[in-house]
There are 2 protein chains.
Amino acid sequence: MQKYKDIGLKLTPQRLAILDFLDGNMDHPSADDIYKAVSVRYPTMSFATVYNTLDSLREKGYITELTIDPAKKRFDPCTKMHHHLICTSCKRVHDIHADFLLELPEQVKGDFRVTGNHIEFYGLCPTCDKGHERRI
Amino acid sequence: MQKYKDIGLKLTPQRLAILDFLDGNMDHPSADDIYKAVSVRYPTMSFATVYNTLDSLREKGYITELTIDPAKKRFDPCTKMHHHLICTSCKRVHDIHADFLLELPEQVKGDFRVTGNHIEFYGLCPTCDKGHERRI
DNA sequence: GTACGTGCAAAGGTTTTGCATTACA
DNA sequence: TGTAATGCAAAACCTTTGCACGTAC
């Protein structure tokens, strides 16, 4: 596994399994999703290991913790600044890589030092939308 | 209490205390914050009542449940569409009532029916920013 | 009077922690 | 070999639920 050599963490089999699961994953999985997925290969996997690893990866800047789900934390291996489109029915989350101009007016910003932003778009995905009548 | 007459809920003293605490509140309190605040006047107040009331108020559209805090739900009595400016250090949340043009490109939106959006601005509030050296 | 709200305690779900054991570097 | 990670279980949180009792309407 050359790919993860420079990550600055001990590369245990469990961590490699977690890294592999997250690599390119666009589902914004929860800790439990990750635990279930890697447990298939490592039946002794524990939540402590999952949370430890996620915490280390977050500290190193390899993943982002999302606050889009009120019920649980979800994790995003894509750390490039982007936004999210969330289906309010099935809770699936799509990445939005479009850019938006979001400059706060001076009188609103005040002395606040703004360092970033994140947009949540809400709506119904095509699948969930079909459950409703819809005439144009 | 004429003010809450038309709310469509039984107006118990506990509910009135919660409504009074929330009215004009800009702190985006958690259920626990609300529980602590109203417990001063109503020592027998229970979490069940707080959550029941918050749930009813949310259903009726009088409050919004915020997902800006990974640790717990926070509630906002201001239901007019607005955004938030969050200090990553002290976690305090300010309301942003500015408008932004957020139109998703067709090829990004696809058949998704977008119904709303919410922007989180991140940064350091003036107080927390003072802890860092900062020369212009 | 009756439907609905309250309060208590217990349970459910997610995340954290302590500690002995194991294994990467 | 030494430091750091793993795994298990227990605990800590936040939130929800069941049920007997109480109260607004």
Side-chain angles (χ1 to χ4, degrees), chain A residues 1-22 28-60 62-75 91, chain B residues 1-22 28-60 62-75 91:
Chain A
M1 280 290 169
Q2 290 301 97
K3 188 155 61 169
Y4 303 122
K5 241 179 46 183
D6 302 330
I7 205 168
L9 294 172
K10 280 194 185 174
L11 290 181
T12 66
Q14 294 87 339
R15 282 186 173 172
L16 287 171
I18 292 173
L19 285 165
D20 264 355
F21 176 71
L22 288 177
H28 312 82
S30 67
D32 190 56
D33 294 333
I34 297 167
Y35 172 76
K36 283 201 180 75
V38 294
S39 289
V40 176
R41 270 208 277 160
Y42 293 90
T44 63
M45 172 72 57
S46 75
F47 271 104
T49 298
V50 173
Y51 280 108
N52 278 344
T53 299
L54 290 173
D55 223 44
S56 303
L57 291 174
R58 188 181 43 71
E59 273 175 22
K60 298 267 179 190
Y62 291 109
I63 61 172
T64 305
E65 190 182 297
L66 302 179
T67 58
I68 52 182
D69 192 329
K72 51 185 176 295
K73 292 177 186 173
R74 295 176 67 162
F75 298 88
K91 314 294 181 198
Chain B
M1 280 290 169
Q2 291 300 97
K3 186 154 65 169
Y4 303 122
K5 242 178 45 182
D6 302 330
I7 205 167
L9 295 171
K10 279 192 185 175
L11 290 181
T12 67
Q14 293 87 339
R15 283 185 171 171
L16 287 172
I18 293 173
L19 284 165
D20 263 354
F21 177 71
L22 287 177
H28 312 82
S30 66
D32 190 57
D33 294 333
I34 297 166
Y35 172 76
K36 283 202 179 76
V38 293
S39 288
V40 175
R41 271 208 277 161
Y42 293 90
T44 62
M45 173 72 57
S46 76
F47 272 104
T49 298
V50 172
Y51 281 108
N52 277 344
T53 299
L54 290 173
D55 223 45
S56 303
L57 291 174
R58 188 181 44 69
E59 273 176 22
K60 298 268 179 188
Y62 291 108
I63 62 172
T64 305
E65 189 181 298
L66 302 179
T67 58
I68 52 183
D69 191 329
K72 52 188 176 298
K73 292 178 186 173
R74 295 174 67 161
F75 298 87
K91 315 294 180 198

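Proteins come first, then strands; the chains are lettered A, B, ... in the order of their sequence lines, and each starts at number 1. Worth knowing before you read on, the calculation uses all heavy atoms, side chains too, and leaves out hydrogens, waters and symmetry mates.
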Atom [atom1] of [X] and atom [atom2] of [N]: how far apart are they, to the nearest Å?
X: Leu11(B); N: dG5(C); atom1: CG; atom2: P; result: 11 Å
X: Asp32(A); N: dT15(C); atom1: CG; atom2: P; result: 8 Å
X: Lys72(A); N: dT15(C); atom1: NZ; atom2: P; result: 8 Å
X: Asn52(A); N: dG18(C); atom1: CG; atom2: P; result: 12 Å
X: Ile18(B); N: dG5(C); atom1: CD1; atom2: P; result: 12 Å
X: Gln14(A); N: dT21(C); atom1: CD; atom2: C1'; result: 13 Å
X: Arg15(A); N: dA23(C); atom1: CZ; atom2: P; result: 15 Å
X: Arg74(A); N: dG13(C); atom1: CZ; atom2: P; result: 18 Å

Go through Asp20(B) and Tyr4(B) one step at a time and tell me if the side chain to side chain contact (heavy atoms under 4.5 Å, CB included) criterion holds.
-> CA-CA 10 Å; Asp20(B) 263 354; Tyr4(B) 303 122; 3.3 Å; yes
What are the two closest heavy atoms between [X] and [Y], and how far apart are they?
X: Met45(A); Y: Ser39(A); value: CB-OG, 4.0 Å
X: Val50(A); Y: Ile18(A); value: CA-CD1, 4.1 Å
X: Pro29(B); Y: Leu22(B); value: CG-CD2, 4.0 Å
X: Ala31(A); Y: Phe75(A); value: N-CE1, 4.0 Å

Going from [atom1] on [X] to [atom2] on [Y], what distance comes out if it is rounded to the nearest 0.5 angstrom?
X: Phe21(A); Y: Lys36(A); atom1: CZ; atom2: NZ; result: 10.5 Å
X: Leu11(A); Y: Leu9(A); atom1: CG; atom2: CG; result: 7.5 Å
X: His28(A); Y: Asp69(A); atom1: NE2; atom2: CG; result: 11.5 Å
X: Ile68(B); Y: Ile68(A); atom1: CD1; atom2: CD1; result: 14.5 Å

Tell me which residues in residues 35-51 of chain A put a heavy atom below 4.0 Å from DNA chain D, sorted by number, or none.
-> Thr44(A), Met45(A), Ser46(A), Ala48(A), Thr49(A)
Between dA25(C), dT15(C), dT6(C), spot the one nearest the side chain of Lys73(A), thanks.
-> dT15(C)
Under 3.5 Å, is there a donor-acceptor pair between the side chain of Arg15(A) and the main chain of Lys10(A)?
-> yes
Give one of base, sugar-phosphate or nothing for Pro13(B), where a contact means two heavy atoms less than 4.0 Å apart.
-> sugar-phosphate
With a non-hydrogen cut-off below 4.0 angstrom, is Lys10(A) in contact with a base, only sugar-phosphate, or nothing?
-> base
Using a heavy-atom cut-off of 4.0 Å to chain A, what are the terminal contacting nucleotides of DNA chain D, in 5' to 3' order?
-> dT3(D) to dC8(D)
Using the C1' atoms of the five pairs at each end, what is the angle between the end axes of the helix from dG1(C)-dC25(D) to dA25(C)-dT1(D), to 10°?
-> 40°
Verify whether one side chain among Ser30(B) and Asp33(B) offers a donor that lies under 3.5 Å from an acceptor in the other.
-> yes
